[in-house]
Amino acid sequence: SFATVLEQGRSGRKPVYTGNLQIMNLDTLSTPTWSEEVLKGYTEIRKEDKSTSDFGPNLTLPIQGSRGCTFKCTFCSETRLYRYRSPEKIVEDITKLNKKYGVKNFWFTDSLINGSISLFENFVNILNKNIDEKKIPKVKWGGYFRTHKKMNKEFMKKVRKSGLSYMNIGVENGVPKTLALMEKNQTPDIIKNFLDTVTEHNQIVFDAGWIPGYPRETTIDFISSLKFLYDVKDYFKYDGRSGRINLMKGTDVLVDTPLDTERDIFDISKDESLLKNWISNDY
């Protein structure tokens, strides 16, 4: 296994700047408003959506708790510029949107909901308190997560109580070497324990992202990843109320990510590419 494929101290990686204005204090943003025409369109989309999330055909509104990401995966360009809306403000948004539009389903557009476990737990506690005090009816919500050892079964009971119904989980792989190449900062055991926690009682629908074929991944590594999937297959006995594997296509080499700036380390050709996908020096 690789402890890391890049030199120490990479936590100081500069953000990838797109040239767009970066709003740094998300608490200054107002609660979003919606026209009747847009709400009607969202409602029609939900009715036509054949996905099996727990939201069903009911109106679901997007909501945002953070921008950017706290982690530093080598394939991702959303790192190191993390801004968050305070948990109090998020719950305030949910309350206002519920009272104004009657909506009870929310989809978090965050790149990572649990990027900060302390902030995430605070949000869950405040939301549960408001529900218990009947300041807001029970809601359903979902979004993007990463596996985390602190999100154990006791923790997840609180999260489920708050209305979590759907998770899109960035698993990506189950082999230590490949996880290290991605710098996911997680282990196969953490992933297994997390999946076990999420699937308890089959109360949460989830998709687990999976990236096949990563730079410097060998045939043996790939076979090992298949073995990992076999070991966790019981978590993906899809019956409409459990998990699915979300198979990702080829990994893009995004500008200024480590896959781009450290092509020699990852054995990625500087001259050849297939669209944005990587090609190794020996093809």
Side-chain angles (χ1 to χ4, degrees), residues 23-47 49 51-70 78 82-146 148 150-151 154-170 197-198 201 203-207:
I23 297 175
M24 300 308 296
N25 185 355
L26 300 191
D27 279 354
T28 62
L29 299 176
S30 302
T31 302
T33 58
W34 307 89
S35 68
E36 291 185 9
E37 183 180 1
V38 170
L39 292 180
K40 181 180 178 181
Y42 276 4
T43 302
E44 291 175 353
I45 288 173
R46 292 306 310 170
K47 289 180 179 179
D49 186 6
S51 69
T52 54
S53 71
D54 206 27
F55 301 143
N58 301 311
L59 173 64
T60 302
L61 287 182
I63 193 168
Q64 188 173 68
S66 66
R67 296 179 182 177
C69 184
T70 53
E78 295 193 36
Y82 181 70
R83 296 90 75 205
Y84 63 89
R85 199 159 171 77
S86 66
E88 293 82 1
K89 282 288 187 180
I90 301 172
V91 175
E92 180 182 316
D93 284 352
I94 291 175
T95 304
K96 287 182 178 179
L97 291 170
N98 171 259
K99 289 182 177 179
K100 187 170 184 178
Y101 304 113
V103 64
K104 297 181 181 180
N105 299 322
F106 299 91
W107 170 255
F108 278 85
T109 62
D110 304 36
S111 295
L112 190 60
I113 290 180
N114 62 338
S116 167
I117 289 294
S118 60
L119 286 171
F120 177 65
E121 185 173 18
N122 195 10
F123 158 70
V124 168
N125 290 337
I126 294 173
L127 183 57
N128 277 331
K129 181 180 179 181
N130 277 262
I131 293 174
D132 290 341
E133 295 176 354
K134 300 188 183 304
K135 294 180 179 179
I136 183 176
K138 288 187 176 182
V139 296
K140 292 182 177 181
W141 56 274
Y144 293 93
F145 289 79
R146 68 177 275 118
H148 202 293
K150 291 186 178 180
M151 293 185 66
E154 182 178 351
F155 189 112
M156 286 301 294
K157 284 182 181 178
K158 294 194 300 182
V159 181
R160 182 69 182 98
K161 179 185 174 184
S162 73
L164 176 62
S165 299
Y166 173 76
M167 304 174 74
N168 196 310
I169 307 169
T197 298
V198 171
H201 308 308
Q203 291 185 319
I204 300 173
V205 179
F206 69 94
D207 287 310

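Numbering of residues begins at 1 and proceeds along the displayed sequence.
Proximity of a side-chain donor or acceptor of Thr109 to a complementary backbone N or O of Trp107 within less than 3.5 Å is not detected. In this structure a side-chain-to-backbone donor-acceptor pair under 3.5 Å is present from Thr70 to Gly115. Between the side chain of Asp110 and the main chain of Gly65, a donor-acceptor pair closer than 3.5 Å is present. Looking at Asp27, its side chain does come within 3.5 Å of a backbone N or O of Ser86 through a donor-acceptor pair.
Contact annotation: the side chain of Met151 never approaches that of Val198 to less than 4.5 Å [non-hydrogen atoms, C-beta and beyond].
Of all non-hydrogen atoms in Ile131 and Pro137, the two that sit nearest each other are CG1-O, 4.1 Å. Of all the heavy atoms in Thr197 and Met156, the pair that sits closest is CG2-CG, 3.2 Å. Minimum heavy-atom separation, His148 to Ile117: NE2-CG1, 3.4 Å. Taking both residues in full, the closest heavy atoms of Phe108 and Ile113 are given as CB-CD1, 3.6 Å, listed atom of the first, atom of the second, then distance. Nearest heavy-atom pair across Lys161 and Asp132 is NZ-OD2, 3.2 Å. Closest approach of Leu26 to Arg83, counting heavy atoms only: CD1-O, 3.6 Å.
Under the salt bridge (Lys or Arg N to Asp or Glu O under 4.0 Å) criterion, Glu133 pairs with Lys135, not counting sequence neighbours. Lys158 pairs by the side chain to side chain contact (heavy atoms under 4.5 Å, CB included) definition with Glu121, Val124, Asn125, Asn128, not counting sequence neighbours.
Distance check, rounded to the nearest 0.5 Å: CG of Leu119 to CG of Asn114 gives 11.0 Å. Rounding to the nearest 0.5 Å gives a distance of 8.5 Å between NZ of Lys40 and CD of Glu37. The NZ atom of Lys138 sits 11.0 Å away from atom OG of Ser162, with the distance rounded to the nearest 0.5 Å. The OG1 atom of Thr60 sits 10.5 Å away from the CD1 atom of Ile45 when rounded to the nearest 0.5 Å. Here the CD1 atom belonging to Ile136 is positioned 10.0 Å from the NZ atom belonging to Lys104, to the nearest 0.5 angstrom.
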What side-chain donor-acceptor pairs closer than 3.5 Å can you find for residues 88-101, not counting sequence neighbours?
{"from": "Glu92", "atom 1": "OE2", "to": "Lys96", "atom 2": "NZ", "distance (Å)": "3.0"}
{"from": "Asp93", "atom 1": "OD1", "to": "Thr31", "atom 2": "OG1", "distance (Å)": "2.6"}
{"from": "Asp93", "atom 1": "OD1", "to": "Arg85", "atom 2": "NH2", "distance (Å)": "3.3"}
{"from": "Asp93", "atom 1": "OD2", "to": "Arg85", "atom 2": "NE", "distance (Å)": "2.9"}
{"from": "Asp93", "atom 1": "OD2", "to": "Arg85", "atom 2": "NH2", "distance (Å)": "3.3"}
{"from": "Thr95", "atom 1": "OG1", "to": "Val91", "atom 2": "O", "distance (Å)": "2.8"}
{"from": "Asn98", "atom 1": "ND2", "to": "Val103", "atom 2": "O", "distance (Å)": "3.0"}
{"from": "Tyr101", "atom 1": "OH", "to": "Trp34", "atom 2": "N", "distance (Å)": "2.7"}
{"from": "Tyr101", "atom 1": "OH", "to": "Trp34", "atom 2": "O", "distance (Å)": "3.4"}

### Task
Go through Ser111 and Tyr144 one step at a time and tell me if the side-chain contact (heavy atoms from CB on, under 4.5 Å) criterion holds.
CA-CA 6 Å; Ser111 295; Tyr144 293 93; over 6 Å; no
### Task
Evaluate side-chain contact (heavy atoms from CB on, under 4.5 Å) for Val159 paired with Phe120, printing each intermediate quantity in order.
CA-CA 9 Å; Val159 181; Phe120 177 65; 3.9 Å; yes
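Of the candidates Phe106, Tyr84, Trp141, Phe123 forms a ring pair (Phe, Tyr, Trp, His ring centres under 6.0 Å) with just one, namely Trp141.
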